[in-house]
Amino acid sequence: MNKALDELFVYPKELVDEESKRVIHLVRQWADKEIISKRQEYRENYEKLFIETRKSLNLTIGLQRLTLPEEHGGFGWNNPANAPGIASILTEIGRADAAIGVAAAVKYTILAAITMAPNFDKALCDALAPVYCGEELKTFSLILPGMGNIGQDTPLFLGRSILASVEAESDGYVVNGKDLRPINSGAIADLFCVVCADKADKPCIALVPGDNANVVRGKTLLETGLNASSNADVSFNNVKIPKSYVISRQGVVEELYTWLNLLLGGVSVGTGMNFFEMVGDWSETRTIKGGYMMKENPLCASVLADVADEVFTSRLFLYDLAQTISKPNDWGQSGSQRVYTIAQVIGSKIQQNVMRAINRGLELMGSAGYSKEWHVEKHWRDIKTIQSYLCGVGAEAPVKMDTARFFFDCKDI
Amino acid sequence: MNKALDELFVYPKELVDEESKRVIHLVRQWADKEIISKRQEYRENYEKLFIETRKSLNLTIGLQRLTLPEEHGGFGWNNPANAPGIASILTEIGRADAAIGVAAAVKYTILAAITMAPNFDKALCDALAPVYCGEELKTFSLILPGMGNIGQDTPLFLGRSILASVEAESDGYVVNGKDLRPINSGAIADLFCVVCADKADKPCIALVPGDNANVVRGKTLLETGLNASSNADVSFNNVKIPKSYVISRQGVVEELYTWLNLLLGGVSVGTGMNFFEMVGDWSETRTIKGGYMMKENPLCASVLADVADEVFTSRLFLYDLAQTISKPNDWGQSGSQRVYTIAQVIGSKIQQNVMRAINRGLELMGSAGYSKEWHVEKHWRDIKTIQSYLCGVGAEAPVKMDTARFFFDCKDI
Amino acid sequence: MKNFDEFSKPEEYISPMDKHIRSVIRNWADKEVMPYRRKYDEDWKDHHIIEPAFDKLMGNSGIGLQKALFPPELGGWGIGQSDSAFTISCALAEEVGRADTAMAVAFMVTYWPLTTILVEPHVNWRLAKEFAPMFCNAEKAVFAANAMTEPQGGADIENLELTGGKTIRTVARLEGDEWVINGHKLWPTNSGGVAKLFVVPCTTKPGSTDLKDFAMIFVPAETKGVTQGGPYEKAGMAADKNSDIWFEDVRVPSWYRAHGPSMDAQIFREIIPWGLAASMGFMCGAMLNLYEILYDFVSTKTYKNKPLKEDDHIASIIGRIAGDIDICRILSYEAAKMGDRRNKPYGYPIYSDEVACKMRNLKDFVSDRAVDIFGKAMDVLGPYGADREYDIEKHWRDIKIIQLWMGGKQLCQMEAARYFFNCKTL
Amino acid sequence: MKNFDEFSKPEEYISPMDKHIRSVIRNWADKEVMPYRRKYDEDWKDHHIIEPAFDKLMGNSGIGLQKALFPPELGGWGIGQSDSAFTISCALAEEVGRADTAMAVAFMVTYWPLTTILVEPHVNWRLAKEFAPMFCNAEKAVFAANAMTEPQGGADIENLELTGGKTIRTVARLEGDEWVINGHKLWPTNSGGVAKLFVVPCTTKPGSTDLKDFAMIFVPAETKGVTQGGPYEKAGMAADKNSDIWFEDVRVPSWYRAHGPSMDAQIFREIIPWGLAASMGFMCGAMLNLYEILYDFVSTKTYKNKPLKEDDHIASIIGRIAGDIDICRILSYEAAKMGDRRNKPYGYPIYSDEVACKMRNLKDFVSDRAVDIFGKAMDVLGPYGADREYDIEKHWRDIKIIQLWMGGKQLCQMEAARYFFNCKTL
């Protein structure tokens, strides 16, 4: 590719300020230098490099503290107005490695519930930031509501089963939940954020330190993609946590979904952009019909155009969402029904589009598409994994119901 | 529907200034009062009301002069920064009647080539504005390149055949072209804008007054939708036009496509929004499975959600495009390869999305969907007609090739 | 490919009559319909142009197809008793649908009520004899109709398993040896003054969910108390008239009930596969016509100064269109064969879930493909796509109606899902 | 529906052997594969776990399927001479593919080169006798391979009509009564040290576009000068090994050429439908397994505290999945039947465009549906979709590979379009 990605995939430039641009630039350098330029090495020694590159990103560059307020040693990106900047960062990370991107997206999502204006919770931040956003690399894990099991009647969050519970006990809370499936890193997480139901079946979120002895982890899962994230089922057996570790303000679960959709969207757009680069290169080195360059065949060109289309529109969507979140005065807070719904709609579209981009592009690549040697198959597996997790239950069912609820005032669905 | 459309379908509010809002409001009032609230009457007496409502819109409200510079008695919306405002106006018109919308979209598209900064052509505007944007309602018609006929070797505009030609002759030009198909109003147009090839096969545009005796019109076409636009094939037999009526600056044909995609996009988004309102109402009055309201059935709700999704994302796309056009310093002029390509990609996506919204919604409406009594079938026919015209040749083929050319530097496709 | 007859058919299923029937109808279509069909839209109310073509197709002055289902001993062709009744219907539906799907539905809906009394193993000889002269001895086209849909429930009535007939408001009361029928029906094909004979699904006990109370009763259109409204104006399908029908104290002989308690509900369920198989045939016919038109278009119009079909990308689009036609035809014949296996040891009765629900799925699929490829074909034609002169946009409008009728897409989806996953509450 | 055997099959096509063969293989799959397949991914290089299962399927110590194509007089089962060879292959492909599509392809590709010499009307008895002992007398699994793809051209070689063989760089030179072969092939199934016998499509005159110069020559793997690389690591299909093969002055007897000038090119064209039909069968098998797994999942997991399948919207999604499976199975059997009609008066030879191009279309369609429904199924499973324990994501990875092989999607599209629209330059 001899064109700059940012010259091809347009976005509202005014949303990204000079400071953000500097950080974005740093991350892009990191991506190019530490991962993209050495894919083969990265593939052969993935486990080790995964940790090393995460460290250089989070500790050396310091992204672990990106969304902390400045008074907590952070970059001070804890305002909805930073949404476009944060999404851009995730895009750059996702372009290099989706698994590192997911870990970052989940961390920022959870921190958004704690640090993001106007809901900055200083006490909680005081308690958590030094431990989990300090000099050591720490991993967060998120457990969302989802499907239930037959014969079990659970509290619901907009149709989705909440399988964990909190109950007040003396000066704190007790968290319970069995065989919960996090969206990432269950086997290694240092801090869990879990959506629980309280005694009145109302949804809230609880933060659970991973080193508590009553946190029991299942065996590490083998998954389609994102294996480096080391996911596993988790059970909480009467885990005691401090009072301040439960956040029960109205709309807090919606906030998680809003940010998660934005940030995983960023990751997938980045992965999609890297895939775009790869398939572009491939189409120039490959000849077909015994002579001419693949990209000059109209049918192949149309497939390439589909790839570009999907990535292009995904990036538009990403900034449409970031822009919406960044203007709470125009459209409401991230926990409002409107912003939550929009995030769900756009979030799932981004995943679908990027998935389609890759599926289409693979068609052109033939065996190079599924051979590990060419690296694109990892993107394909990673994105599918993100997409399936984001669905939560029954494919797009919950998102479609959310959509109908907002746009048509449905009550019973 | 008890929700305001603008509260549901978000867009970047800052792009639409107060003055624009006032005009938009006027047009919405016109739409509600003169058309939407009297669909039955409108259906039964369509031909007559079509002209009356066009007049009240263009002459009473004065939209005929919307994109003229103020010194020509216009609203002064002749700067790319007005793109979001103009698109918004088209949305409001499209919500009422797509055929009126198409006539307006074509007119503004053609005028954009004449009046839009930085290419404002004062001489040409002086010549045309008093006649075609004055006190009488005048109709413009646009003839784009498209498909050729076998055995005929034509000059091309990015693969599309240019079937008309201009040749310099003494103090003016002579235009020729046989059985050309305009995208609208061939039978009644007062002024044609036709893409021609010059002697060097280079594309340019020529303006041809409809009252020239050498303009020969075929019989009025019966079409799927937009019949009120009275389209017909047109032949130009050595039609003489003044020198200033030919515009041959680099990229002028691209400019036409850019604006046409934006403005027809606006029309279709508006029609889609009205369809959304209608299907929403229907889903509340209809019961199924012998009891409950249609919208409370999860499957029906998911179809409704699809309708909302498609309209919602179409409107996002519309403003993404408007925003891109409105910032030539960021992304280039409307005739640049980038903006032209983006307009093609987004323009065709909008049409496809709205078409899908209506196709999905009709599924729920059963026979009410295709019975003329319920009015939705007109929207369905109108949008399909717009979409097919915009395709030009071989479905999305030219757009896909444009896309591949921009994103992958293809040379031969 | 030589021509559209080369689209795949499961050769082993084809009836020996196939070739002959097709050629007769194709001849009729090319002479009586193709030259006039562009004027049908404006003829929706009066059928001045349309009616003569129907007469040549259905009446004895022409091919006489309206008697085909009747047994030979009553003057018909005996197709109702044939092992290939569904497969032959598929061919008929295709050939007439190729010319005009609205004519196809108006013609074949005439069979629809008659299947309940003329198709093995449910031949009701008394009624067959009663109605045979009406159809077999007529020079002109004679139509029948199935007055199913009611104002309040939409296609709910087709969901008989779920509602048990509880929502049906058309009521038949037995008085002596007469049924007295009251009710209001909407939308049946061949209403608006066209049909000479109705079958009326109704209830003998309002509000009952016992399927024994469900009845199918034949009502000649001229019976006192039957009133038909004027035809509705629609987006397409001008040759098919639809309207309101009111039944006010309409009296018919008690033996005009198709078969009796329980069996009527089964029979009602049996007509569904007929409607589904025919719908698929109509769409295949329209698609064959699409192919003919498209083939010419892409061979003579150019992009980059080459015929459209020689551009690799456009070829992939039209290739998908043709490919889908091939697939839809295979599936339609397979659906027909599911019906024709009804009396085979390895087959299922046509009232069974196996047949009805699988066919719902196939009809849903074929409809989706048809809607999609006609839309795509219009786009391939670009500015000519919406032009009536190219004959594709008309099919586009009609095809959508076929997708929406008989309960539409969502009912198909639910029936199929219920069957495949043994759902209890859908 | 009772179980996955109820998905539609065109009953009239089914071979009498169908039921028996299916039950034998299903028994093998349930015992030898299902309990172990989750470990296959890590076994891609060594086949420690995979190999014993192959032995039980193919070798005489187990079912002995590898000899099925050979004539009974040479110790085989005679399927190559059967009128139902394609239909039976479809059943085999389904049953093995249900357990593991990679095993299915490795197993059935063993038949692939052999079809050229064992299937009527092209039986080459001399070669059949030569190779029969290798397959019919072995206790363990013995594999064959079709070494087709070359480094420079990708699947260009499959586009024989267009390139005329001009791009083939593997060259066979006749020296006395021996062929001397030189060249480099990539990717064949059962390379990487697995196959005992290769067939090598090559040219006897480099650069020639005369199809008489195209040759198919059998080469036993242990012949001097044959070198195989180690297996490639892939996104899926661990049971199928692929690698590079180099032929350096490899000498085989002159009569190892399958049939000779011209006929070899026809034969090469004939193997394509076999590959396409089997590909469809593999995917149908995987889809049947998908249905089994999904059925359990949607019956036991809940949304809104009801089983997923009882939510109308989710039912519509899984209904579409099951509906597509039904459709794909119908189409796969129809494709197989197109092959089995090769000797019927109403059929076409399998080298004909009618068969090859229509099958390309069907394979393209079935692949697209499979890719789509497996992706959708993963989404239905949500956080469990990507989890290997649920056995769907593995099929998802494998299915995509099936879509991409044999020239992939675009070649299918072009061949179909060329046929349906008589294109000259695609």
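FYI, side chains are in, hydrogens and waters are out, and symmetry mates aren't considered; it's all heavy atoms of this structure. All values reported here derive from a predicted model rather than from experimental measurement. Each chain gets a letter, A, B and so on, in the order the sequences are listed, and its residues count up from 1.
- Contact of C/Leu381 with chain B is made through the backbone alone, with heavy-atom distances under 4.5 Å.
- Within residues 385-392 of chain B, the residues having any heavy atom less than 4.5 Å from a heavy atom of chain C are, in residue-number order, B/Thr385, B/Gln387, B/Ser388, B/Tyr389, B/Cys391, B/Gly392.
- The neighbour count for C/Lys39 NZ, taken as heavy atoms of other residues, nucleotides or ligands under 6.0 Å away, does not exceed 12.
- Residue contact with chain C, scored on non-hydrogen atoms closer than 4.5 Å, is absent for B/Pro298.
- In this structure, C/Asn305 contributes its side chain and B/Thr154 its backbone to a donor-acceptor pair below 3.5 Å.
- Closest heavy-atom contact between C/Met414 and B/Leu299: CE-CD2, 3.4 Å.
- The contact between B/Ser161 and chain C is made entirely by side chain atoms (from C-beta outward), counting heavy-atom distances below 4.5 Å.
- Residue contact with chain B, scored on non-hydrogen atoms closer than 4.5 Å, involves the backbone of C/Ser299 exclusively.
- With a 4.5 angstrom heavy-atom cutoff, C/Ile401 touches chain B via backbone and side-chain atoms both.
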Decide yes or no on ring-ring contact (aromatic ring centres under 6.0 Å, His included) for C/Trp187 and B/Tyr370, but give the supporting numbers first.
CA-CA 12 Å; C/Trp187 276 107; B/Tyr370 53 85; 5.5 Å; yes
Is there a salt bridge (charged side-chain N to carboxylate O under 4.0 Å, His left out) between C/Glu389 and B/Lys219? Walk through the geometry before answering.
CA-CA 12 Å; C/Glu389 298 284 317; B/Lys219 68 177 174 155; 3.5 Å; yes
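- Using a 4.5 Å cut-off between heavy atoms, C/Gln403 touches chain B through its side chain atoms alone.
- Side-chain atoms of B/Lys372 never come within 3.5 Å of backbone atoms of C/Ala235 as a donor-acceptor pair (strictly under, hydrogens ignored).
- Using a 4.5 Å cut-off between heavy atoms, B/Lys378 does not touch chain C at all.
- Heavy-atom distances place both the backbone and the side chain of B/Leu222 under 4.5 Å from chain C.
- A salt bridge does not link C/Asp372 with B/Arg356: every distance from a Lys NZ or Arg NE/NH1/NH2 to an Asp or Glu carboxylate oxygen is 4.0 Å or more.
- For chain B, no part of C/Val298 is nearby; none of its heavy atoms comes within less than 4.5 Å.
- Under the 4.0 Å criterion applied to side-chain N and carboxylate O atoms, B/Glu396 and C/Lys376 are assigned as salt-bridge partners.
- Of residues 359-369 of chain B, those residues with a non-hydrogen atom less than 4.5 Å from any non-hydrogen atom of chain C are, in numerical order, B/Asn359, B/Arg360, B/Leu362, B/Glu363, B/Leu364, B/Gly366, B/Ser367.
- With a threshold of 4.5 angstrom between heavy atoms, C/Tyr384 approaches chain B through its backbone and through its side chain.
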Does C/Lys306 form a salt bridge (charged side-chain N to carboxylate O under 4.0 Å, His left out) with B/Asp153? I'd like the steps, not just the answer.
CA-CA 9 Å; C/Lys306 285 188 309 188; B/Asp153 216 19; over 6 Å; no
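- Heavy-atom pairs under 4.5 Å with chain B peak, among C/Asp387, C/Ile318, C/Ile317, at C/Asp387.
- In this structure, chain C has no heavy atom under 4.5 Å from any part of B/Trp374.
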